[in-house]
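A short write-up of the structure that comes next.
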There are 2 protein chains.
Amino acid sequence: MSYKVLIVEDLPELLEAMSDFYRGKGAGLWEVVTASDGKDALTKVADNDFDLMILDIMLPGASGFDVCKAARSKGDCPIIFVTALGSENSILKGYETGCDDYVVKPFSLKQLYAKSLGLLKRSKKAEEGDLLRCGMITLNKRTMIVMVNDREVSINAKEYFLLVYLLENKDSILTRRAILERIWKDDLNVTDRAVDTAIRRLRDNLGEASGQIKTVIGRGYRLTEE
Amino acid sequence: MSYKVLIVEDLPELLEAMSDFYRGKGAGLWEVVTASDGKDALTKVADNDFDLMILDIMLPGASGFDVCKAARSKGDCPIIFVTALGSENSILKGYETGCDDYVVKPFSLKQLYAKSLGLLKRSKKAEEGDLLRCGMITLNKRTMIVMVNDREVSINAKEYFLLVYLLENKDSILTRRAILERIWKDDLNVTDRAVDTAIRRLRDNLGEASGQIKTVIGRGYRLTEE
DNA sequence: AGCGATGTGACACGAGTGTGACACGGGAAA
DNA sequence: TTTCCCGTGTCACACTCGTGTCACATCGCT
């Protein structure tokens, strides 16, 4: 089994150094595809399924961000940005666009490679664990991590289990009674309104995705893709 | 056991100072091989297996980069570049070529030596066993050595296995139950609170890195890069 | 408009966790 | 063997923080 990596970099020497490094590791562990300008990169992203991408940001043709966006709309393979020293804004923008990690020039190939392996392992794990998705919400039952638009949000225990219940029954209307029985289990001597409060706090923490929890008056709540 | 170091430098006085310095350290800790021009260096790289190389960039015959490349194609021993003041471009190119560290002339021999030891230790560790890293924490599963910011810390058995578990699942929230089943295995007749205590003692021993272990109330613990 | 249902803020209680101290037990040193 | 020490689990206490409830505002349906 080998991993397919796309390396995009316009400096010929650096591109060669990087691709040589990856090709040299393991016995054919990596299948390396390279591109030296944005247009070329976009074509290759469209035509292939990569396990990992390493993108320079400053590129002729199209920026690394554009390539990243194109890749994200297709799948969610891990992406590492390569950025020039001191361009913190780029890093920030990179994270917003949805990159997973970055290295700052000058960087050591070893360091880049270590990050590659790390990301790869993590994405493998994410595949294995059962993901619950709905609209902008992603919940990983194995890691118990909740993401909204690829940004992690922190929620409390009750809210977490409530969200799991909602996700497992998305589009269904869940009555307060049903929620109480599922989440509160043992101590059912709480008011129906406790559910309201839990829902409220969940909404608060979900931020932009709060609208996905709809109130169905007289019956309960339901989670939608909005 | 001794380490084999190649020092390449065309200034005779400096070359002598460096090699004397390394030879004087420890009782035969270093086996020093020297070269004063690129061609000589290339030959010696081809004929030997070094544990460390110190390369001047400006050389008659062939540049330090060429020597570095030759060395890289052969193995991956740590390399330190020696560069003249102000030539940042060289540094950049150095990292791209795959050097691990550099010093700028004029430099103190002590400083160079410190970097040497650091690199050596790191590369030794890296090749010996699988390293687990997260933030300032580095754990070597083979030697069972735990480092925080390159300083070794001593921890007990339970804490060690707990830390391994955390590192192998970094960013995941691990419930007390999961931890109990993994670490305590056989005798599950211990309280959940035993986990708390283990976590506390691990935190104590991790010192400055203690903050990387986050408490997730109602669910468990998780290790982050902070 | 009127009334029930839901959202929102504040507050208090209690579960969950950090921390120090202690006890038990096994292994090392004498 | 005895003695001591270190590792580890448990308990008690303090404190933080999650969470349910209440009161009031707002919304939505009839």
Could you give the angle between the helix axes at the two ends of the helix from dA1(C)-dT30(D) to dA30(C)-dT1(D), with five pairs per end, rounded to 10 degrees?
->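 One end's axis against the other's: 30°.
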
Looking at residues at least two apart in the chain, or sitting in another chain, which of them share a ring-ring contact (aromatic ring centres under 6.0 Å, His included) with Phe161(B)?
->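 None.
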
What parts of residues 162-174 of chain A reach DNA chain C, counting only heavy atoms under 4.0 Å away?
->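 Per residue number, the list is empty: none.
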
Go through residues 193-209 of chain B and report each residue with a non-hydrogen atom lying under 4.0 Å from DNA chain C, sorted by number.
->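 Under 4.0 Å from DNA chain C: Arg193(B), Asp196(B), Arg200(B), Arg201(B), Arg203(B).
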
Within the pair Trp184(A) and dT19(D), is there a side-chain N or O less than 4.0 Å away from OP1 or OP2?
->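 No, because none of the side-chain N or O atoms of Trp184(A) sits under 4.0 Å from OP1 or OP2 of dT19(D).
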
So does Asn156(A) get a side-chain nitrogen or oxygen closer than 4.0 Å to the phosphate oxygens (OP1/OP2) of dT19(D)?
->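 Yes, Asn156(A) has a side-chain N/O under 4.0 Å of OP1/OP2 on dT19(D).
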
To the nearest Å, give me how far apart NZ (Lys158(B)) and C1' (dT10(D)) are.
->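 So the NZ-C1' distance, Lys158(B) to dT10(D), works out to 14 Å.
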
Between which nucleotides of DNA chain C, read 5' to 3', does contact with chain B run, using atoms under 4.0 Å from its heavy atoms?
->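 Nucleotide range with atoms under 4.0 Å of chain B: dG16(C) to dA21(C).
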
Side chain Arg203(A), main chain Ile213(A), donor-acceptor under 3.5 Å |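 Checking the backbone N and O of Ile213(A) against the side chain of Arg203(A), a donor-acceptor pair under 3.5 Å is found.
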
Asp51(B) (side chain) donor-acceptor with Lys4(B) (main chain) under 3.5 angstrom |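 Side chain of Asp51(B) to backbone of Lys4(B), a donor-acceptor pair under 3.5 Å: yes, one is there.
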
Every protein N/O within reach of nucleotides 25-30 of chain D N/O, cut-off under 3.5 Å:
none

Kindly assign one of parallel, tilted or perpendicular to the pair Tyr113(A) and Trp30(A), based on the angle between their ring planes and the thresholds 30° and 60°.
->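 Ring orientation of Tyr113(A) relative to Trp30(A): perpendicular.
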
